[in-house]
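Written out below as structure tokens is the structure these notes cover.
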Amino acid sequence: MGSMSEQGPLSKGLTLYQSQSQPSSSLFGLSTLGWDDWFAGQFAEHAAAGLIPARVVRVDRGFCDTLTASGAVRADSTAVTSLDPTYSVCTGDWAALRPGPEPEIVALLARRSAITRASSDRTSHQQVLAANIDSVAIAVSLSAPLNAGRIERLLALAWDSGAKPVLVLTKADAADDLDAALAVLTPLAPGVDIVTTSATTGMGLNLLSTTMTGTTVLIGPSGTGKSTLANALLGREHLGTNEVRASDGKGRHTTVRRELLPLPGGGVLIDTPGLRAIGLQNAADGVEQVFSEIEAYARDCAFSDCQHRSEPGCAVQEAVRVGMLDAGRLDRYRKLLRESERAASRGNARESSKQDKTKKAITRDLRATYQFRDRQR
Ligand SMILES: Nc1nc2c(ncn2[C@@H]2O[C@H](COP(=O)(O)OP(=O)(O)OP(=O)(O)O)[C@@H](O)[C@H]2O)c(=O)[nH]1
Ligand SMILES: [Mg+2]
Ligand SMILES: [Zn+2]
């Protein structure tokens with residue numbers, strides 16, 4: 001781990017290209033940052049215009065830190081900054097960059113996936129938390145009381161992004177009763193891998209790094225140990241961390257910017273600030289995926305439009321009655337669906353946009369893959 005300390009993630013990309021072992025047109029090093037044929041296919045016209053591909057590491061008031069095939073570049077990003085946050089440049093985006101003494105981002109490539117939440121400003125805008133992600137790692141602290149509703153909410157956001165959710169349990173060294181925690185968490189997350197970790201003892205870190213291929217975004221409340229975990233995976237103290245408040249055990253919102261970090265073993269991690277409010281917007285697909293066992297019971301209801309309240313022949317209520325399904329979970333399912341639908345009906349014309357349809361299509365695709373995988377287990 002010590003040997004990594006001189007070599008930051010930014011210089012890593014640079015080193016790959018200084019070796020000159022590849023022709024200068026080769027995008028070999030970019031693939032370690034997540035570049036693939038899907039993005040390359042969109043880039044032909046930009047390449048013809050003399051632009052180069054760059055992955056956005058950090059967005060910082062009109063500028064972006066990016067990684068390109070020839071290393072780190074800080075570029076003006078005014079041209080890709082919009083009043084509507086959905087369309088503004090975001091960590092994880094692939095951009096077309098005009099190199100030179102004053103580098104500039106000219107355009108963004110279409111996103112393959114994005115994790116979004118309803119904006120805190122209560123408009124119909126969506127805030128993009130991270131773009132072009134393959135997995136969403138949800139950090140859950142084992143040293144704090146578990147909050148089922150919050151975990152389900154984060155899972156819904158994750159499923160809805162088109163990426164694969166993973167529950168990452170942190171601070172296992174400080175857990176009161178790990179088995180009891182797993183017994184609570186497992187039924188909340190059907191079809192989701194759960195990895196138990198401790199940055200203090202190193203527990204689960206190898207397993208976690210093999211689980212994370214491509215780009216992983218780490219989300220969760222403040223103080224759950226996201227940045228500490230990222231540092232442990234990175235092998236050096238790159239990100240600032242801070243103790244939780246002694247008074248109430250809550251985090252101090254130490255991380256204030258999203259940041260993309262290439263990992264030494266391959267793959268890319270995006271650390272994010274602790275989430276306060278997690279508003280769902282048009283995330284019904286995600287909600288249904290989180291509560292997939294309820295959806296499965298509902299297929300056996302006598303009425304196809306059963307509301308699972310007091311209808312005769314309701315298979316969901318039957319599951320509650322025989323103890324297969326927790327009544328509280330059914331309530332939370334209803335609440336999240338309602339919230340998501342209400343937000344969607346507040347009238348967001350963009351919902352029907354092509355981008356959104358693409359996102360949903362990808363979600364469906366991934367879902368089919370995971371369902372297939374689950375059957376194989
Ligand atoms: N016991 C124990 N403490 C940990 C572990 N990981 C992190 N912590 C502590 O938890 C506190 C919060 O860690 P951070 O990494 O700053 O948490 P964060 O999720 O990045 O918080 P924000 O940036 O505010 O969202 C720090 O005091 C860490 O030392 C762990 O594995 N075990
Ligand atoms: Mg942090
Ligand atoms: Zn029913």
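Small disclaimer: the values here were computed from a predicted structure and weren't measured. In listed order, ligands and their atoms are each counted from 1. For this chain, numbers begin at 1 and follow the sequence in order.
- Using a distance-only test at 3.5 Å, with no hydrogens or angles considered, a donor-acceptor pair links the side chain of T66 to the main chain of V73.
- Among V256, D173, L205, T228, the residue whose heavy atom lies nearest to atom 14 (P) of ligand 1 is T228.
- L208 is not listed as a side-chain neighbour of N206, based on a closest heavy-atom distance of 4.5 Å or more.
- Ring centroid separation for the pair W94 and F43 does not come in under the 6.0 Å cut-off.
- For ligand 1, the polar-atom distance check finds no N/O of R252 at less than 3.5 Å from any of the ligand's N/O atoms.
- Of all protein heavy atoms, the one lying nearest to atom 17 (O) of ligand 1 is G225 N, 3.1 Å.
- A salt bridge links D93 to R111: at least one charged side-chain nitrogen sits closer than 4.0 Å to a carboxylate oxygen.
- When distances to the Mg ion (ligand 2) are checked against a cut-off of 2.8 Å, T272 contributes no N, O or S atom below that limit.
- For ligand 1, the atoms sitting less than 4.0 Å from at least one non-hydrogen atom of H253 are 24 (O), numbered in the order shown with element in parentheses.
- Annotation: angle subtended at the Zn ion (ligand 3) by C314 SG and H308 ND1 is 110°, to 10°.
- Applying the side-chain contact (heavy atoms from CB on, under 4.5 Å) test between V290 and each of R332, E152, E295 identifies E152 as the sole match.
- Counted by atom type alone, S161 and S113 present zero donor-acceptor pairs between their side chains at under 3.5 Å.
- Across the listed options A144, G223, G251, G274, G223 owns the non-hydrogen atom lying nearest to atom 21 (O) of ligand 1.
- Taking the charged nitrogens against the carboxylate oxygens, R338 and E341 have no contact shorter than 4.0 Å, which rules out a salt bridge.
- Distances between N or O atoms of A199 and those of ligand 1 include at least one value under 3.5 Å.
- In this model, no donor atom of one side chain and acceptor atom of the other lie less than 3.5 Å apart for S82 and D84.
- Looking only at protein heavy atoms, the nearest one to atom 27 (O) of ligand 1 is E243 CA, 3.1 Å.
- Geometrically, ligand 1 and T224 share a nitrogen or oxygen pair separated by less than 3.5 Å.
- Between the side chains of S227 and D271, at least one donor-acceptor pair of N or O atoms lies under 3.5 Å.
- Checked against a 3.5 angstrom limit, the closest N/O atoms of A174 and ligand 1 fall outside it.
- Below 4.0 Å from some heavy atom of S198 lie the following atoms of ligand 1, by number and element: 31 (O).
- Of all protein heavy atoms, the one closest to atom 3 (N) of ligand 1 is K171 CD, 3.8 Å.
- Here T200 has heavy atoms under 4.0 Å from ligand 1 in both its backbone and its side chain.
- A salt bridge does not link E102 to R74: none of the charged side-chain nitrogens sits closer than 4.0 Å to a carboxylate oxygen.
- Within the structure, the closest approach of T170 to ligand 1 does not fall below 4.0 Å when heavy atoms are considered.
- At the shortest separation from atom 18 (P) of ligand 1 among protein heavy atoms lies K226 N, 3.5 Å.
- Ligand 1 has no nitrogen or oxygen under 3.5 angstrom from a nitrogen or oxygen of T241.
- Remark: side-chain polar atoms of Q307 are paired, donor with acceptor, to backbone N or O of D305 under 3.5 angstrom.
- Closest heavy-atom approach to atom 20 (O) of ligand 1 within the set A139, A172, S227: this belongs to S227.
- In terms of protein heavy-atom proximity, atom 22 (P) of ligand 1 is nearest to S222 OG, 3.6 Å.
- Nearest heavy atoms, A139 versus K226: CB-CG, 3.8 Å.
- Here S227 reaches the Mg ion (ligand 2): one of its N/O/S atoms is less than 2.8 Å from the metal.
- Near N242, with a cut-off below 4.0 Å to any heavy atom, the atoms of ligand 1 are 11 (C), 12 (C), 13 (O), 16 (O), 26 (C), 27 (O).
- Side chains of T215 and R55: a donor on one and an acceptor on the other come within 3.5 Å.
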